[in-house]
Asker: 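Sending over a structure as structure tokens; questions will come in a sec.
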Amino acid sequence: MVASANLARQHPGVRLHTHMAENQQGNDFLRTTFGLTPGEYIKKVGWDRDDVWLAHCCHLDGAETKQWAQHGIGVAHCPSSNMRLASGICPVRDLLDAGVNVGIGVDGTASNDTGHVLMELRMAMLLQRAGGNPKGMSAREALLVGTQGGAKNLGRDDVGRIAPGMAADFVAWRTDGVSFAGAQHDLVAALLFCTPGLAPVDLSVINGEVIVKDGQLTPCNLQEIIQEHNRRSLALCSHITQQGRD
């Protein structure tokens, strides 16, 4: 950890990332092995700076929330992974209120089979309400977490917003379909509450290049990729027994 931080800081713009306080077992390991809390540990190894963003952070105490805010440490919230693995719920509302930057993450394929950012934002929004606070997170707050929050974690000032001078990265959905029916009064909120975003986007532009048009992937043959993916997946998973399935 120390060597990684020293190496990264020799190169301007290189940032540091790891997983922290994902579950209670991880916190217990830090306490047993090093005699330290997550906040004490990252301070000891020099990771308590504003070039650091940490995934999960489900089990932070009040002092650590304050520490994260004071030192500009970002958080990548991964709600679906945390639920699937029973890790806990990241206190996103408390983090945002304290001034901590929060972005969204999907973790990895071992704990999240979709990698769908909008679904993660919907889960993040609903989880912050599940504790009893209907204002725990609004749809617009969740979308800010997924755009500007993520950009800030990555140290990027050229993405995260649609504005002159920014990268031409954006997606779009038709609003005349069944998913948006009855939600024309607030299409922004409908994007998360009514889940039209779970369907393929109608348009995706990345750095000015059209990647999806009319719901179809343009640079390659998607059906061929799916067939090859399924072939390789079946071969890889052929050893899994019925008992090992979830």
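Everything numeric here is computed off the predicted structure, so don't read it as measured data. In this chain, residues are counted from 1 in sequence order.
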Asker: More than 12 foreign heavy atoms under 6.0 Å from NE2 of H229: is that the case here?
Answerer: no
Asker: Kindly indicate whether the side chain of D50, heavy atoms from C-beta on, has any atom under 4.5 Å from the side chain of I73.
Answerer: no
Asker: Could you tell me if the side chain of S233 sits less than 4.5 Å from the side chain of L236, heavy atoms only?
Answerer: no
Asker: Ignoring hydrogens, what is the shortest heavy-atom contact between K43 and D48? Give both atom names and the distance.
Answerer: CG-OD2, 3.4 Å
Asker: Run V75 and C90 through side chain to side chain contact (heavy atoms under 4.5 Å, CB included) and show every step you take.
Answerer: CA-CA 9 Å; V75 170; C90 178; 4.2 Å; yes
Asker: Taking C-beta and beyond as the side chain, do V92 and P79 meet within less than 4.5 Å on heavy atoms?
Answerer: no
Asker: Closest heavy-atom contact between G88 and N82?
Answerer: O-CB, 3.3 Å
Asker: Looking at residues at least two apart in the chain, or sitting in another chain, which of them share a side-chain contact (heavy atoms from CB on, under 4.5 Å) with A189?
Answerer: A139, R140, D186, F193
Asker: Apply the test side chain to side chain contact (heavy atoms under 4.5 Å, CB included) to residues V52 and R15: give CA-CA distance (whole Å), side-chain angles for both, the deciding distance (0.1 Å), then the verdict.
Answerer: CA-CA 6 Å; V52 172; R15 299 176 69 79; over 6 Å; no
Asker: State the CG-CZ distance between L127 and R122, to the nearest 0.5 angstrom.
Answerer: 11.0 Å
Asker: Restricting to pairs with a member in residues 67-90, which pass ring pair (Phe, Tyr, Trp, His ring centres under 6.0 Å), not counting sequence neighbours?
Answerer: none
Asker: In this structure, would V188 and V145 fall into the same cluster of hydrophobic residues linked by side-chain contacts under 4.5 Å?
Answerer: yes
Asker: Strictly distance-based, threshold 3.5 Å: is any side-chain N or O of E224 a donor or acceptor partner for the main-chain N or O of N221?
Answerer: no
Asker: Shortest non-hydrogen contact from S111 to L85?
Answerer: CB-CD1, 3.6 Å
Asker: Is there a side chain to side chain contact (heavy atoms under 4.5 Å, CB included) between I89 and M83? Walk through the geometry before answering.
Answerer: CA-CA 8 Å; I89 300 175; M83 287 188 288; 5.7 Å; no
Asker: Same cluster for V201 and L118 if Ile/Leu/Val/Met/Phe/Trp/Tyr side chains link at under 4.5 Å?
Answerer: yes
Asker: Please report the shortest heavy-atom distance between G99 and A69, naming the atom on each side.
Answerer: C-CB, 4.3 Å
Asker: Looking only at atom types and distance, does a side-chain atom of S87 sit under 3.5 Å from a main-chain N or O of N23, one as donor and one as acceptor?
Answerer: no
Asker: Quick one: list whatever passes ring pair (Phe, Tyr, Trp, His ring centres under 6.0 Å) with H19, sequence neighbours left out.
Answerer: H17, H56
Asker: Say whether V117 and V102 are linked into one hydrophobic cluster, either directly or through other cluster members, by side-chain heavy-atom distances under 4.5 angstrom.
Answerer: yes
Asker: Using the ring pair (Phe, Tyr, Trp, His ring centres under 6.0 Å) criterion, which residues pair with F34? Sequence neighbours excluded.
Answerer: Y41
Asker: Starting from L191, can I reach V171 by hopping between I/L/V/M/F/W/Y residues whose side chains sit under 4.5 Å apart?
Answerer: yes
Asker: Hey, what else clusters with F170 if you join Ile, Leu, Val, Met, Phe, Trp, Tyr whenever side-chain heavy atoms sit under 4.5 Å?
Answerer: I162, L203, V205, V210
Asker: My understanding is that only residues two or more places apart in sequence, or in another chain, count here; which of them pass side-chain contact (heavy atoms from CB on, under 4.5 Å) with T65?
Answerer: L60, L95, A98
Asker: Membership question, hydrophobic clusters at under 4.5 Å side-chain separation (ILVMFWY): are V212 and V159 in the same one?
Answerer: no
Asker: For residues 152-167, which residue pairs qualify under side chain to side chain donor-acceptor pair (under 3.5 Å), counting only residues two or more places apart or in two chains?
Answerer: N101-N153, R156-D158
Asker: Taking only residues at least two apart or on different chains, which pairs with a member in residues 126-139 satisfy side chain to side chain donor-acceptor pair (under 3.5 Å)?
Answerer: none
Asker: Roughly how far, to the nearest 0.5 Å, is the OG1 atom of T32 from the CD atom of Q25?
Answerer: 11.5 Å
Asker: Looking at residues at least two apart in the chain, or sitting in another chain, which of them share a side-chain contact (heavy atoms from CB on, under 4.5 Å) with A235?
Answerer: none
Asker: Taking the side chain as every heavy atom from C-beta outward, state whether I206 and E209 have any pair of such atoms under 4.5 Å apart.
Answerer: no
Asker: Can you find a heavy atom in the side chain of I42 that is under 4.5 Å from one in the side chain of T18?
Answerer: no
Asker: Among residues at least two apart in sequence or on other chains, which ones pass side-chain contact (heavy atoms from CB on, under 4.5 Å) with Q10?
Answerer: L7
Asker: Apart from W53 itself, which Ile, Leu, Val, Met, Phe, Trp or Tyr residues share its cluster (side-chain heavy atoms under 4.5 Å, direct or through members)?
Answerer: L154
Asker: Between E120 and S80 (side chain of the first, backbone of the second, donor and acceptor by atom type, cut-off under 3.5 Å), is there such a pair?
Answerer: yes
Asker: Taking only residues two or more places apart in sequence, or in another chain, which ones meet R49 in a salt bridge (charged side-chain N to carboxylate O under 4.0 Å, His left out)?
Answerer: none
Asker: Work out which heavy atom in P38 is nearest to a heavy atom in L30; give both atom names and the distance.
Answerer: CA-CD1, 3.7 Å
Asker: Atom CG of L217 and atom CD of Q223: how far apart are they, to the nearest 0.5 Å?
Answerer: 12.0 Å
Asker: Within the 4.5 Å heavy-atom criterion, are T114 and N112 side-chain neighbours or not?
Answerer: yes
Asker: Between SG of C57 and CD of E22, what distance do you get to the nearest 0.5 Å?
Answerer: 10.0 Å
Asker: Under a 4.5 Å cut-off applied to non-hydrogen side-chain atoms, are L36 and R31 in contact?
Answerer: no
Asker: Would you call F180 and Q184 a side-chain contact if the rule is heavy atoms closer than 4.5 Å?
Answerer: yes
Asker: Pairing donors with acceptors under 3.5 angstrom, does anything connect the side chains of S81 and D107?
Answerer: yes
Asker: I need the minimum non-hydrogen distance between N27 and H59, along with the two atoms involved.
Answerer: ND2-O, 3.0 Å
Asker: Do M119 and V106 pass the side chain to side chain contact (heavy atoms under 4.5 Å, CB included) test, and can you show the C-alpha distance, the side-chain angles, and the key distance before you say yes or no?
Answerer: CA-CA 9 Å; M119 187 174 76; V106 301; over 6 Å; no
Asker: Any Lys/Arg nitrogen of R231 or E228 sitting under 4.0 Å from an Asp/Glu carboxylate oxygen of the other?
Answerer: yes
Asker: Can you tell me how far apart CG (L121) and NE2 (H116) are? Round to the nearest 0.5 Å.
Answerer: 10.0 Å
Asker: Under 4.0 Å between a Lys/Arg side-chain N and an Asp/Glu carboxylate O for K213 and D202?
Answerer: no
